[in-house]
Amino acid sequence: MSIQKVAIIGLGLLGGSIGLAVKERASDIQTTGFDASADVRKRAAERGLVGAVAESAAEAVREADLVVLCVPVGAMGAAARSIAEALPDHAIISDVGSSKESVAIALAEALPGHTIIPAHPVAGTEQSGPDAGFATLFADRWCILTPPEGADQQGVADLSAFWEKLGSKIEIMDAEHHDLVLAVTSHIPHLIAYTIVGTASDLEDVTRSEVIKYSAGGFRDFTRIAASDPIMWRDVFLSNKTAVLEMLGRFSEDLTALQRAIRSGDGETLHELFSRTRAIRRSIIEQGQDDAAPDFGREH
Ligand SMILES: NC(=O)C1=CN([C@@H]2O[C@H](COP(=O)(O)OP(=O)(O)OC[C@H]3O[C@@H](n4cnc5c(N)ncnc54)[C@H](O)[C@@H]3O)[C@@H](O)[C@H]2O)C=CC1
Ligand SMILES: O=C(O)C(=O)Cc1ccc(O)cc1
């Protein structure tokens, strides 16, 4: 069955972008939306992020074929519970959370018997809120679906077709693998950015004005990432604890090896690593995926 009515719960960057992308690229699909914040609901209505802004989560989902939960991962369980009584039996429940195993568990607990197909559009910016969304966010970006074992295949096909209409490329993998891969490619890079910007601001002999004045180089890229939403990222690290700690262990070992190379004057080790990483950056650019690199923010 093709999806005709989509309910979006959470009308910030991701929810708003889905609404705008549907309006621009799949205008035959009707959208309703709800956000727990009255201010966000008001702004969402002013910007026309969805066809209709509902006054409750239940009202938003009552006729939906697909519900997409676009709230911080720590709020997925509560958002799912808030739609439980009004959810049509046939509806697909999905989400856009940055971590997948814990979200899958929270959704399955809140909505037993429903078709749940978690997803993660690997597309975003450091901005958040109802003014941050834009229609092209998902164009040419991966959307990773993590259907649980035995998931309804028609539902997976319908959800894939929905994301393809918004311009995404689809990949399917299990939730545990997703969480390991994203720990390395997204979560730890954010943790490193939060750390380096925090360390610089803590240094007593580096004044705040010097940090700003000399931030034209690599530090500036880190400050963009470190400006990402604090609630969203708190929830990502708490929910993807196992994979992040596993990958952080490996990262610390590699950092210690570099520390040793610097201390012992081992230029060969440094040069070999930096050449390898330069080749990785170049191959990302050759594949037309340079937006996925640290300088990720796009004008919109
Ligand atoms: N920001 C990014 O670049 C990306 C974020 N994600 C994921 O998307 C999700 C949403 O992130 P953003 O849109 O960036 O956040 P956002 O902060 O822009 O929007 C989240 C919205 O959810 C609302 N909300 C919170 N709890 C709610 C509830 N129980 N019911 C209804 N509304 C509720 C908030 O009021 C807020 O307006 C997160 O799970 C995040 O991990 C995924 C890909 C990229
Ligand atoms: O702004 C950036 O650099 C990002 O990395 C955006 C982003 C944040 C979280 C995701 O789960 C996916 C993409």
Side-chain angles (χ1 to χ4, degrees), residues 7-20 33-44 47 49-50 53-61 67-84 94-100 102-103 106-107 110 118-134 137-138 141-144 163 168 178-179 181-194 221-240 289-298 300:
I8 302 169
I9 307 298
L11 295 170
L13 169 67
L14 267 287
S17 296
I18 294 173
L20 292 173
F34 174 74
D35 195 286
S37 154
D39 288 344
V40 173
R41 291 200 298 278
K42 182 166 176 283
R43 193 63 196 124
R47 279 198 77 200
L49 298 182
V50 282
V53 176
E55 278 306 302
S56 71
E59 184 191 325
V61 305
V67 179
V68 190
L69 303 176
C70 301
V71 303
V73 288
M76 290 290 178
R81 286 189 291 279
S82 73
I83 60 170
S94 190
D95 75 297
V96 294
S98 301
S99 63
K100 296 274 54 93
S102 71
V103 171
L107 300 189
H120 177 201
V122 189
T125 74
E126 73 282 15
Q127 310 287 344
S128 57
D131 284 302
F134 56 104
L137 179 63
F138 310 109
R141 297 308 178 109
W142 289 104
C143 182
I144 302 174
W163 278 105
S168 292
H178 167 279
D179 286 357
V181 172
L182 270 290
V184 185
T185 58
S186 175
H187 305 169
I188 288 176
H190 276 76
L191 197 69
I192 293 168
Y194 282 124
D221 292 342
F222 282 119
T223 61
R224 184 188 72 75
I225 303 266
S228 301
D229 190 71
I231 294 174
M232 171 187 153
W233 283 98
R234 174 202 66 192
D235 284 6
V236 169
F237 291 113
L238 296 180
S239 70
N240 199 20
Q289 303 230 353
D290 53 317
D291 277 356
D295 193 16
F296 188 110
R298 290 188 289 172
H300 58 271

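Read the numbers this way: they start at 1 and go in the same order the structure lists the ligands and their atoms. Position 1 is the first residue of the sequence; numbering continues from there. Keep in mind it's a predicted model, so treat the numbers as computed, not measured.
- In this structure, CG in L107 is found 10.5 Å from CZ in R81, a value given to the nearest 0.5 Å.
- C70 pairs in a side-chain contact (heavy atoms from CB on, under 4.5 Å) with only one of the listed residues (L11, I8, L13, D35), which is I8.
- Interface of S98 with ligand 2, defined as ligand atoms under 4.0 Å from a residue heavy atom, comprises 9 (C), 10 (C), 11 (O).
- Within 6.0 Å of atom CD1 in I231, 12 or fewer heavy atoms from other residues, nucleotides or ligands are found, so the atom counts as exposed in its surroundings.
- Residue I225 has at least one heavy-atom neighbour below 4.0 Å for each of these atoms of ligand 2: 3 (O).
- Less than 4.0 angstrom separates some heavy atom of E126 from each of these atoms of ligand 2: 1 (O).
- Judged by distance alone, the side chains of N240 and S99 never bring a donor and an acceptor atom under 3.5 Å apart.
- For ligand 2, the atoms closer than 4.0 angstrom to any heavy atom of M232 are 9 (C).
- Contact between W233 and ligand 2 is present, with at least one heavy atom of the residue lying under 4.0 Å from the ligand.
- Under 4.0 Å from ligand 2, not a single heavy atom of Q127 appears.
- Just one of P118, P121, S17 meets the side-chain contact (heavy atoms from CB on, under 4.5 Å) condition when paired with V96; it is P121.
- At a threshold of 4.0 Å, the pair D95-K100 counts as salt-bridged, since one of the basic side-chain nitrogens sits closer than that to a carboxylate oxygen.
- Within the listing of ligand 2, atoms 10 (C), 11 (O), 12 (C) sit less than 4.0 angstrom from a heavy atom of H120.
- No side-chain donor-acceptor contact under 3.5 Å links S186 to the backbone of L182.
- Taking the six-membered ring where the residue is Trp, Y194 and F237 present perpendicular rings, their angle passing 60° and hence far from 30°.
- In this structure, of H187, R224, R141, the residue bringing a heavy atom nearest to atom 3 (O) of ligand 2 is R224.
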N/O contact list for ligand 1, threshold under 3.5 Å:
from: ligand 1; atom 1: 3 (O); to: T125; atom 2: N; distance (Å): 3.2
from: ligand 1; atom 1: 3 (O); to: T125; atom 2: O; distance (Å): 3.2
from: ligand 1; atom 1: 6 (N); to: S98; atom 2: OG; distance (Å): 3.4
from: ligand 1; atom 1: 13 (O); to: L13; atom 2: N; distance (Å): 3.2
from: ligand 1; atom 1: 13 (O); to: L14; atom 2: N; distance (Å): 2.8
from: ligand 1; atom 1: 18 (O); to: L13; atom 2: N; distance (Å): 2.9
from: ligand 1; atom 1: 18 (O); to: G129; atom 2: N; distance (Å): 2.7
from: ligand 1; atom 1: 32 (N); to: A36; atom 2: N; distance (Å): 3.1
from: ligand 1; atom 1: 35 (O); to: D35; atom 2: OD1; distance (Å): 2.6
from: ligand 1; atom 1: 37 (O); to: D35; atom 2: OD1; distance (Å): 3.4
from: ligand 1; atom 1: 37 (O); to: D35; atom 2: OD2; distance (Å): 2.6
from: ligand 1; atom 1: 39 (O); to: V71; atom 2: O; distance (Å): 2.7
from: ligand 1; atom 1: 41 (O); to: S98; atom 2: N; distance (Å): 3.2
from: ligand 1; atom 1: 41 (O); to: S98; atom 2: OG; distance (Å): 2.7

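- Atoms of ligand 2 found under 4.0 Å from any heavy atom of T125, numbered from 1 in the order shown, are 1 (O), 6 (C).
- When the ring pair (Phe, Tyr, Trp, His ring centres under 6.0 Å) test is applied to F222, no partner is found at least two apart in sequence or on another chain.
- Looking at every heavy atom in both residues, V71 comes nearest to A79 through CG2-CB, 4.0 Å.
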